[in-house]
Amino acid sequence: MWKVYASICGIIAVVTVFVSGQRSLVSQECLICLCEASSGCDFSAQCHSSEDGNYFCGAYMITYAYWKEGGSPGYDPSNPHDFEVCLKDRKCAEEAVVGYMEKWKNDCDNDGKITCKDFARIHKAGPIGCNTTWVLNTDYWDVFKKCFSK
């Protein structure tokens with residue numbers, strides 16, 4: 001009986017690890033809409049500096065600090081442009097966004113749930129500014145709302 005119990009526990013543990021490894025906090029639909037709202041999902045977009053001195057790259061328009069806080073996917077100590085290379089690659093950029101959201105997840109709109117709308121606010125306004133309303137009056141938010149219908 002003990003062997004059967006141990007086998008069942010082992011199977012449950014493996015299934016739990018497999019399932020949890022496959023789920024993401026941020027849905028693919030949400031990632032697509034964050035991308036659309038940020039740049040029209042243009043992965044050929046050039047990196048650029050904003051008026052406030054931030055340097056944005058990739059279709060998600062991510063800063064170096066965001067990429068670092070998102071886990072630095074694609075990190076390559078031999079390449080000083082590893083962050084730029086990552087953010088021009090869809091999979092790598094999405095890893096950065098998901099990592100950032102996992103770190104900073106927050107109920108920005110105080111509706112009792114953490115949803116894609118919260119992630120959109122975090123993506124644009126940061127984890128500290130996500131509960132302010134200015135982001136709701138931007139072109140970014142208009143595109144996001146049209147894309148994400150839930």
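The shortest non-hydrogen separation linking Val98 to Val26 is CG2-CB, 4.1 Å. Contact between Tyr100 and Ile122 at its shortest, heavy atoms only, is CE2-CG2, 3.7 Å. Across all non-hydrogen atoms, the minimal contact from Ala93 to Tyr60 is CB-CD1, 3.8 Å. Across Cys147 and Glu29, no two heavy atoms sit closer than the pair O-OE2, 4.5 Å. Summarising the geometry of Asp82 relative to Tyr75, their closest heavy-atom pair is OD2-CD1, 3.3 Å, with the distance given to 0.1 Å.
Under a hydrophobic clustering in which Ile, Leu, Val, Met, Phe, Trp and Tyr are joined whenever their side-chain heavy atoms come within less than 4.5 Å, directly or via other members, Ile114 and Trp104 fall into the same cluster. Met61 and Tyr64 fall into different hydrophobic clusters, where Ile, Leu, Val, Met, Phe, Trp and Tyr side chains are chained together by heavy-atom contacts under 4.5 Å. When the side chains of ILVMFWY residues are joined at heavy-atom separations under 4.5 Å, either directly or via intervening members, Phe43 and Val97 end up in a single hydrophobic cluster.
Between Glu95 and Lys91 a salt bridge is recorded (basic side-chain N to carboxylate O distance below 4.0 Å).
For the pair Phe148/Glu36, no side-chain contact is recorded, criterion being any heavy-atom separation below 4.5 Å from C-beta on.
The closest donor-acceptor contact from the side chain of Asn79 to the backbone of Asp76 lies at 3.5 Å or more, if one exists at all. Under the 3.5 Å distance criterion, the side-chain polar atoms of Asp109 are left unmatched by any main-chain donor or acceptor of Lys117. Judged by distance alone, the side chain of Ser50 and the main-chain N or O of Asn54 form a donor-acceptor pair under 3.5 Å.
In this structure, Tyr66 has its ring center under 6.0 Å from that of His123.
Remark: SG of Cys116 is not found under 2.5 Å from SG of Cys33.
Between Tyr140 and Phe144, the ring planes are parallel. Angles under 30° get that label, and only those over 60° would be called perpendicular.
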